[in-house]
Amino acid sequence: MTRSLFLLLAFALAFSSFATAAIVEHSFQVNNLTINRLCRNQVITAVNGSLPGPTLEVQEGDTLIVHVSNESPYNLTIHWHGIFQLLSGWADGPEFGTQCPIRPGQSYTYNFTITRQEGTLWWHAHVGWLRATVYGALIIRPRSGNSYPFPNPYREVPIILGEWWNGNVIDVETQALATGVAPNLSDAYTINGQPGDLYPCSSNDTYRLTVVPGMTYLLRIINAALNNELFFRIANHNLSVVAIDASYTDPYTTDIVVVSPGQTTDVLFTANQTQGQYYMAAHPYASAAGVPFDNTTTTGIIIYNGSTTSVPIMPILPAFNDTPTAHRFYTNLTGLVTSPFWTPVPRVVDEQMFMTVGLGLSACDAPGNATCQGPLGLKLAASMNNESFQFPTRLSMLEAFFRNVSGIYTTDFPDNPPVQFDYTNASNSFNQALLVTPKSTKVKRVNFNATVEVVLQNTALLGIENHPIHLHGFNFYVLAQGFGNYNSATDSGNFNLFNPQERNTIAVPVGGWAVIRFRANNPGVWLIHCHLDVHLPWGLSTAFVVENGPTQSTMLPPPPPDFPQC
């Protein structure tokens, strides 16, 4: 091919891509809202007067512009969970991670292009516990002329699973952080903002979905709950998983879905049973033995069009601690290598990390010698490699990176834990030599385009539980996961390097480990953290600082003019 013909073809392709992309614009008014749930009025913070907030619908390649006006009494940011934010890290959202907060009475416009992603993601507040009520779906469809890698459904329906407190969630979080103990349990779970008819005063507002017999629906399931993984099931119906975290999967037939906080799962559901009414239901997968949890069940009702039956059939959900069922679901998922944006797993690894994730203790914040109410008179904490992350307060880490400002973070986050021990041995749960974790703002510096492999190792300190770990700015391949202590000599032989699942949030097995791998091809500051909101403020977080690439097109551009100031 001649050079001129090549350039002409490249121009035609670029023009075609530009022609099929659009600018999608929305406005978010964030303010306090009084709604009635569980027989009482409750003031919450919400977007555009609704719970959940608005569903945003775009096509791959579109530019999304969202004008956020903060009319609430709290600082606010919005995170677009799972969006790559290629060269638009200023729009990623986490408070003091990539931006300073939008103060009450102020506004900020998020502007980013959605590139090489299709499927279900979501948006949520990334300041404290505001995520309990400030959230909504973000649906990315193929460009015009492209199609799903599965038969087109008759209809697409977001199913957003949430968590509800009879109280101000900011007060719940503040009290827990002040006392150093676990926060109050939630009072209900919700489906599309409604608890369902198993809770008091909830029957009339239970979410209902009317379906046409014989038709297939795409259910876009999102776990927006703060602190609980959830089992989800529809009575008498199988589901076909076709995507997770906006990444297509090999179709996987199941009658149970497990979703961790932050994860999304797209399933095809066919109305192929006897005409009637069927409950969809969700309740927690509670992996931590002996730890209290909200053991209630949320429901919605699927109604076959023309049905005369008035009593829905209830599914049998797994036991709350059914780890084998949860592990079987997670490990049976594989990536669809024929999907449009699949890229092979990088085989050469530039950075290898072994990262312990779990709980611990830290010193009280109270002045003098006051003690907290946590174990040993200290406060509950969480850490990665025994570093309990503390966000800066005078400048965001991304702005410090861009302007080369020192003193905001350090780049000495350890590649390995400071002490090797029997990580998942419960006899270490109260080993005082291992429990205390220092507070720090340490990050991991990574060269542009480096391939990073991380072993996420659960620990038994203060108890063993499943941790959903979310990486901002990238998808990662899940090469393997298992129980006990990771053994590189044996477990690496089981890596799936052909069609591993690709996602942005991994549920690290209770008392176990997971190995993830990603290519750091996006400059900026990207958090990796637990998506249980009880653990994030305790410090179960760090960040990857990805250096700029060698050309202007691989360097982080300046922040927008209205970027919030600290």
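These numbers come from a predicted model, not from an experiment.
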*Asks:* Between Phe518 and Phe544, what is the ring plane arrangement, given parallel below 30°, perpendicular above 60°, and tilted in between?
*Replies:*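 Ring orientation of Phe518 relative to Phe544: perpendicular.
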*Asks:* Is Ile244 close to Leu333 at the side-chain level, that is, under 4.5 Å between some pair of heavy atoms?
*Replies:*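 Yes, close enough: below the 4.5 Å cut-off.
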*Asks:* Under 6.0 Å between ring centres, would you say that holds for Tyr285 and Phe293?
*Replies:*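 Not close enough - the centres of the two rings lie 6.0 Å or further apart.
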*Asks:* Mind telling me whether His535 and Trp538 have parallel, tilted or perpendicular rings, with 30° and 60° as the class edges?
*Replies:*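 Ring orientation of Trp538 relative to His535: tilted.
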*Asks:* Which value, rounded to the nearest 0.5 Å, describes the distance between Thr133 atom OG1 and Leu51 atom CG?
*Replies:*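 Atom-to-atom, Thr133:OG1 and Leu51:CG are 6.5 Å apart.
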*Asks:* List the steps and the verdict of side chain to side chain contact (heavy atoms under 4.5 Å, CB included) for Trp526 and Gln85.
*Replies:* CA-CA 10 Å; Trp526 307 105; Gln85 299 293 0; 3.8 Å; yes
*Asks:* Closest approach of Pro195 and Arg37, non-hydrogen atoms and distance?
*Replies:*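 Taking Pro195 first and Arg37 second, the nearest heavy atoms are CD-CD, 3.8 Å.
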*Asks:* Using atom types as modelled and distance alone, determine if a side-chain donor or acceptor of Asn385 lies under 3.5 Å from a backbone N or O of Pro414.
*Replies:*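 A pair under 3.5 Å: yes.
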*Asks:* Taking all heavy atoms of Thr265 and all of Val259, pick out the closest pair and write down the distance.
*Replies:*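 For Thr265 versus Val259, the nearest heavy atoms are OG1-CG1, 3.2 Å.
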*Asks:* Is there a side-chain contact between Ile408 and Phe391, using heavy atoms and a 4.5 Å cut-off?
*Replies:*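 Answer no - side chains too far apart.
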*Asks:* Can you check whether Leu361 reaches Thr437 side chain to side chain, under 4.5 Å on heavy atoms?
*Replies:*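 Counting from C-beta outward, Leu361 and Thr437 never come under 4.5 Å.
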*Asks:* State the CD1-CG distance between Ile528 and Leu540, to the nearest 0.5 angstrom.
*Replies:*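 The distance works out to 10.0 Å.
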*Asks:* Would you call the rings of Phe112 and Trp80 parallel, tilted or perpendicular if under 30° counts as parallel and over 60° as perpendicular?
*Replies:*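 Phe112 vs Trp80 ring planes: tilted.
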*Asks:* When you measure from the side chain of Asp245 to the backbone N and O of Thr505, does any donor-acceptor pair fall under 3.5 Å?
*Replies:*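 Yes, because the side chain of Asp245 sits within donor-acceptor range (under 3.5 Å) of the backbone of Thr505.
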*Asks:* Side chain of Gln457, backbone of Phe354: donor and acceptor closer than 3.5 Å?
*Replies:*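 Pair absent, no side-chain N/O of Gln457 close to backbone of Phe354.
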*Asks:* Determine yes or no for a side-chain-to-main-chain donor-acceptor pair under 3.5 angstrom, with Asn168 supplying the side chain and Val43 the backbone.
*Replies:*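 Pair absent, no side-chain N/O of Asn168 close to backbone of Val43.
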*Asks:* Answer with yes or no whether the side chains of Asn475 and Ser247 bring together a donor and an acceptor at under 3.5 Å.
*Replies:*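 Asn475 and Ser247 do have a side-chain donor-acceptor pair below 3.5 Å.
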*Asks:* If you count heavy atoms of other groups shown closer than 6.0 angstrom to CZ of Arg103, is the number above 12?
*Replies:*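 Yes - once you tally the heavy atoms of other residues, nucleotides and ligands closer than 6.0 Å, there are more than 12.
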*Asks:* Do you know which two heavy atoms are closest between Gly82 and Asn504, and how far apart they sit?
*Replies:*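 Closest heavy-atom pair between Gly82 and Asn504: CA-ND2, 3.4 Å.
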*Asks:* Angle class for the Trp90/Phe402 ring planes (parallel below 30°, perpendicular above 60°, tilted otherwise)?
*Replies:*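 Perpendicular.
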*Asks:* Counting only N and O atoms by type, is there a donor-acceptor contact under 3.5 Å from the side chain of Thr424 to the main-chain atoms of Gly512?
*Replies:*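 Checking the backbone N and O of Gly512 against the side chain of Thr424, no donor-acceptor pair under 3.5 Å is found.
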*Asks:* Under 4.5 Å between any side-chain heavy atoms of Ile469 and Leu471, yes or no?
*Replies:*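 When only atoms from C-beta onward are counted, Leu471 and Ile469 do not touch, as no gap falls below 4.5 Å.
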*Asks:* How about Gln481 and Val515: do any of their side-chain heavy atoms sit closer than 4.5 Å?
*Replies:*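 When only atoms from C-beta onward are counted, Val515 and Gln481 do not touch, as no gap falls below 4.5 Å.
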*Asks:* Is the closest side-chain donor-acceptor distance between Glu229 and Ser260 under 3.5 Å?
*Replies:*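 There is such a pair between these side chains.
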*Asks:* Name the residue from Asn223, Thr297, Leu230 that meets the side-chain contact (heavy atoms from CB on, under 4.5 Å) definition with Tyr189.
*Replies:*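 When Asn223, Thr297, Leu230 are each tested with Tyr189, the side-chain contact (heavy atoms from CB on, under 4.5 Å) holds only for Leu230.
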*Asks:* Assess, by modelled atom type and distance only, whether the side chains of Ser72 and Asn32 contain a donor and an acceptor separated by less than 3.5 Å.
*Replies:*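 No.
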*Asks:* Could you check whether any side-chain heavy atom of Asp533 comes within less than 4.5 Å of a side-chain heavy atom of Arg131, counting everything from C-beta outward?
*Replies:*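 Asp533 vs Arg131: side chains touch.
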*Asks:* Using the rule given for side chain to side chain contact (heavy atoms under 4.5 Å, CB included), can you reason through Asp350 versus Val452, listing the C-alpha separation, both sets of side-chain angles and the distance that settles it, and then say yes or no?
*Replies:* CA-CA 6 Å; Asp350 303 298; Val452 183; over 6 Å; no
*Asks:* So does Pro346 get a backbone contact from the side chain of Arg517, meaning a donor-acceptor N/O pair under 3.5 Å?
*Replies:*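 Such a contact is found between Arg517 side chain and Pro346 backbone.
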*Asks:* Please lay out, stage by stage, how Val66 and Ile78 fare under the test side chain to side chain contact (heavy atoms under 4.5 Å, CB included).
*Replies:* CA-CA 10 Å; Val66 182; Ile78 301 293; over 6 Å; no
*Asks:* Side chain to side chain donor-acceptor pair (under 3.5 Å) between Gln99 and Tyr110: does it pass, once the steps are laid out?
*Replies:* CA-CA 11 Å; Gln99 71 169 92; Tyr110 291 92; 2.7 Å; yes
*Asks:* Verify side chain to side chain donor-acceptor pair (under 3.5 Å) between Glu163 and Ser186, making sure each step is shown before the conclusion.
*Replies:* CA-CA 7 Å; Glu163 199 167 4; Ser186 56; 2.8 Å; yes
*Asks:* Take Met355 and Val508 through the test side chain to side chain contact (heavy atoms under 4.5 Å, CB included) and record every step on the way to the result.
*Replies:* CA-CA 12 Å; Met355 192 181 293; Val508 180; over 6 Å; no
*Asks:* Parallel, tilted or perpendicular, judged at 30° and 60°: which one describes the rings of His79 and His472?
*Replies:*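 Answer is parallel, since the angle falls under 30°.
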*Asks:* Search all heavy atoms of Pro559 against all heavy atoms of Arg403 and return the closest pair with its distance.
*Replies:*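 In this case the closest contact between Pro559 and Arg403 is CG-NH2, 3.4 Å.
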*Asks:* Any idea how Trp165 and Trp129 line up, ring-wise: parallel (<30°), tilted (30 to 60°), or perpendicular (>60°)?
*Replies:*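 Geometry flag for Trp129 against Trp165: tilted rings.
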*Asks:* Do you know the tightest heavy-atom contact between Asn466 and Leu532?
*Replies:*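 Taking every non-hydrogen atom into account, O-CD1, 4.2 Å.
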*Asks:* For the residue pair His470 and His81, does the interplanar ring angle fall in the parallel (under 30°), tilted (30 to 60°) or perpendicular (over 60°) class?
*Replies:*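 Answer is parallel, since the angle falls under 30°.
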*Asks:* Is there a donor-acceptor pair closer than 3.5 Å between any side-chain N or O of Asn70 and the backbone N or O of Pro101?
*Replies:*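 Not confirmed, Asn70 side chain does not pair with Pro101 backbone.
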*Asks:* Thinking salt bridges, do Asp415 and Lys444 make one under a 4.0 Å N-O criterion?
*Replies:*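 Salt bridge between Asp415 and Lys444, a charged N being under 4.0 Å from a carboxylate O: yes.
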*Asks:* Should the pair His124 and Trp122 be assigned to parallel (<30°), tilted (30 to 60°) or perpendicular (>60°) ring geometry?
*Replies:*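 It falls in the tilted class, 30° to 60°.
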*Asks:* In sequence, state the C-alpha distance, the side-chain angles, and the governing distance for Asp422 and Asn428, and then conclude on side chain to side chain donor-acceptor pair (under 3.5 Å).
*Replies:* CA-CA 8 Å; Asp422 190 357; Asn428 279 321; 5.4 Å; no
*Asks:* Under 4.0 Å between a Lys/Arg side-chain N and an Asp/Glu carboxylate O for Glu387 and Lys439?
*Replies:*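 Answer for the salt bridge query: no.
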*Asks:* Taking the side chain as C-beta and beyond, is there a heavy-atom pair between Glu173 and Pro537 under 4.5 Å?
*Replies:*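 Yes; the side chains approach each other to less than 4.5 Å.
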*Asks:* Can you check whether Tyr477 reaches Ile516 side chain to side chain, under 4.5 Å on heavy atoms?
*Replies:*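 Counting from C-beta outward, Tyr477 and Ile516 never come under 4.5 Å.
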*Asks:* Looking only at heavy atoms, what is the nearest atom pair of Tyr486 and Ser492, with distance?
*Replies:*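 Looking at all heavy atoms of both residues, the shortest contact is OH-CB, 3.8 Å.
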